[in-house]
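Here is the structure we will look at.
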Amino acid sequence: MRKRSSLLFLLLFYHVLAWGQADLCDSRIIYEIKAIFDPETGIISGSQNIDWTNSSSDAVREVYFHADLNAFRNNHSAYYRASLDHRAVDAWQLDAEHQAEQNWGYMKIKSVKLGEQSLEPAFEHDYTVFKVSLPSGILPGRSVKLFLNFEAKLPYDGPGLGFKEKNFVAARWYPRLGVWKNGKWSCDPFFLHCGLYSRLANYRVELTVPDDYQVAATGVLSDSSATGELKTLTFTQECVTDFCWAASSEMTCVKRDFTHSELPTVQVNIFQFGKRQTNVTKLFEAASQALIHFGLWYTPYPYSQLTIIDGPLSSAGTHVLPLFVLIGDRKKNAPRQFDSQYQIVSQVARQFWSVMMSCDQDRWFGSGMSEYSTQRCMNAVFGARLYSTGFLRHNGFEIPFAYNNSQIFQWTFNPYIWDFREQISDLPLSAQREDPVNPADLDANFSEKSALAFWTLEATLGEEVFGKAIRSFALENSFKNPSLSDFFSSLAAYTDRELDWFFHRLAEGKGYVDFAVENIRSFEAVNTVGFAENDDFKYQPPEETGGKPKLFESIIELSCTGDIGITVDIRMTMENGEEINETWDGLSQYKLIRLSHDSRITLVEIDPQNKVYLDVFKNNNSMYRNVNPVPALKWTTRWLFWLQHFFEVVAFFS
């Protein structure tokens, strides 16, 4: 027995060692990029070799690329117009003060070659996408090697990219391949919610910068050389969807190792720009908690490093930056005392679901799982603490206010989102950019509504069952570009519950959920007197009670607005304290419940355990038969008291 245990231990040890040394994924794309960066102009002069293998069964005759920085080329791009028209959360636009030439961005494609043959790039849409036609098709299993020369300019303070105060963050700064899928290229123009889906690739990047500049990058530094006032840094990285870097002459770095007995070691590099004084220990602890919880809940973080950039650029609208965490302006949903921790946990969650899982092919799935995982981790680490906000904000002045949350610490479910949910919840989760909807609504649909869907799914299946299913899905599908059918298979292995509401009615159908108790009536039951309610028309005289207890008839009217149809619990509380429970599939618009009981009904509650987080308006989920005016009077008195004090303050300063 001891020999067998030793053998199993050795096999496990060598398996883990081999796993750590083997390629992370079967990547069919290789980027070799050489770039020179001029911080005075913000221009990147680059060339790249791309090796792409056709793993499909189709012959491919053209190749599509993203040229994302052209979204910042002028005020006619789809991205700029959407930002201007809808004031979206991740909007980027230059006001009159910043519309100088140096603050716009662009990407120029100078040449494309296949061997010695020059190919002509053909731009589409708003110049954020271009294609190259090939002289002959790429047969299944064959590879093509393209050589591109390009010039890219970083814009001023873009969404997770650009420059500010001579500090630079470069993302999507080189021509990126689209995704060949289902016999066509998936290569959407850069928009608020599109143009981000990429296959996993291996990178080797040589970046030349001024000698006094510090550089942080997605990859691991494998070589460095200096020539005069310039230095060339070589980075390599396997299995990521993008290669990002940051540079500054004022940047400092602190390196710490994350260690855990059940998880691999990760080097955490914390870079801070200029005068940023965020507590490094707090940042490292937040990253550690994210790596611990996601590693144990889902799958271990497979990369050797994680880079945190604490800088002056805006983090609003930051898309996935592989191995990167960008801390910038305060995130809209984060309680201010946990702002930086929230941003770290949120962006590490994206590493798991949008990079390792490559779930952006179903955009709502990757975004929703990232939001759900973030909220769950924050709740586990920090618990139900005070949520703080401020009122009467103007020129740096505000009146602070804090209050406790109940149940799940609702990091995303704060009052801002609860108020906003009615505006976003009508869209199907699978809605696309091409659909004629407000881009801000679409963004909230991808994030908040889909996160609510996963909370509802967990509450429906139970935390233990859902936890096992999602861990199985993550372990089996890391770096495999999983689809919704893979997720369904993982759930089906752990439950036989009906999930059509999630995978079809919610994902594909337009609608929302709003359960409501419309009316309650309860009255003394009356025996039938007159002709019987059947075909023999036999007369029934008044029946003597004979000391029998009184019966009461209760009629409850329920409604469900929306088309999703989620099974929901109903709890009816009687005057004698007894509780009667029932379920409703939610497929019909109305439901009538008739109840005969020896006690009158007092209270009706739909979803009493708050499992359906998708319900857009919770205040109508319960109703008392007799309304108690005391709570309303109590709150009215309190608000009148505060209102009186407010007017006293206004009168004092007037």
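Please read all numbers here as calculations on a predicted model, not as lab measurements. This chain uses plain numbering: 1 for the first residue, then up along the sequence.
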Which atom pair, heavy atoms only, marks the closest approach of Gln347 to Val325? OE1-CA, 3.5 Å
Return the minimal non-hydrogen interatomic distance between Ser340 and Ile327, and the atom names on each side. CB-CG2, 4.4 Å
Quick check, are the ring centers of Trp353 and Trp364 under 6.0 angstrom apart? no
Test ring pair (Phe, Tyr, Trp, His ring centres under 6.0 Å) applied to Tyr301 and Phe294, step by step: CA-CA 8 Å; Tyr301 187 75; Phe294 299 152; 9.9 Å; no
Approximate separation, where rounding is to 0.5 Å, of Asp615 CG and Asn620 CG: 6.5 Å
Centre of Trp297's six-membered ring, under 6.0 Å away, within 45 degrees of the axis: is that where NZ or CZ of Arg376 sits? yes
For Lys591, is there an ion pair with Glu518 - N to carboxylate O distance below 4.0 angstrom? no
Side chain to side chain donor-acceptor pair (under 3.5 Å) between Asp58 and Trp180, worked out: CA-CA 10 Å; Asp58 310 302; Trp180 180 261; 3.2 Å; yes
Main chain of Ser370, side chain of Gln375: is a donor-acceptor contact present, judged purely on distance under 3.5 Å? no
Let me see the working for His597 and Glu553 under side chain to side chain donor-acceptor pair (under 3.5 Å), right down to the final yes or no. CA-CA 7 Å; His597 199 271; Glu553 292 281 348; over 6 Å; no
Side chains of Arg594 and Ser554 only: does a donor on one sit below 3.5 Å from an acceptor on the other? no
Any donor-acceptor N or O pair under 3.5 Å, side chains Glu458, Tyr372: yes
Nearest-0.5 Å distance, OG1 of residue Thr374 to CD of residue Gln341: 13.0 Å
Quick one, Tyr298 with Ser373, criterion side chain to side chain donor-acceptor pair (under 3.5 Å). Give me CA distance, side-chain angles, the key distance, then yes/no. CA-CA 10 Å; Tyr298 310 128; Ser373 303; 3.1 Å; yes
Of all heavy-atom pairs between Pro322 and Thr241, which one has the smallest distance, and what is that distance? CG-OG1, 3.6 Å
What are the two closest heavy atoms between Ser450 and Ser367, and how far apart are they? OG-C, 4.3 Å
Between Ser599 (side chain only) and Glu575 (backbone N and O only), is there a donor and an acceptor less than 3.5 Å apart? yes
May I ask you to decide whether Arg521 forms a salt bridge with Glu557, counting only side-chain N to carboxylate O separations under 4.0 Å? yes
Cationic N near anionic O, under 4.0 Å, Asp607 to Lys618: yes
Just how far is it from atom CZ of Arg625 to atom CD1 of Ile556, taken to the nearest 0.5 Å? 11.0 Å
Can you find a side-chain donor-acceptor pair between Glu285 and Gln289 that sits under 3.5 Å? yes
So does Glu464 have more than 12 non-hydrogen atoms from other groups sitting under 6.0 Å from CD? no
What's the shortest heavy-atom distance between Val612 and Val568, and which atoms? CG2-CG2, 4.1 Å
So which of Phe454, Trp455, Phe466 actually passes ring-ring contact (aromatic ring centres under 6.0 Å, His included) with Phe502? Phe454
Name the residue from Phe365, Tyr494, Phe503, Phe473 that meets the ring-ring contact (aromatic ring centres under 6.0 Å, His included) definition with Phe488. Phe503
Any idea which heavy atoms bring Ser55 and Arg28 closest together, and the distance? CB-NH1, 3.4 Å
Stepwise, does the side chain to side chain donor-acceptor pair (under 3.5 Å) test hold for Tyr303 with Gln237? CA-CA 9 Å; Tyr303 303 109; Gln237 183 58 55; 5.8 Å; no
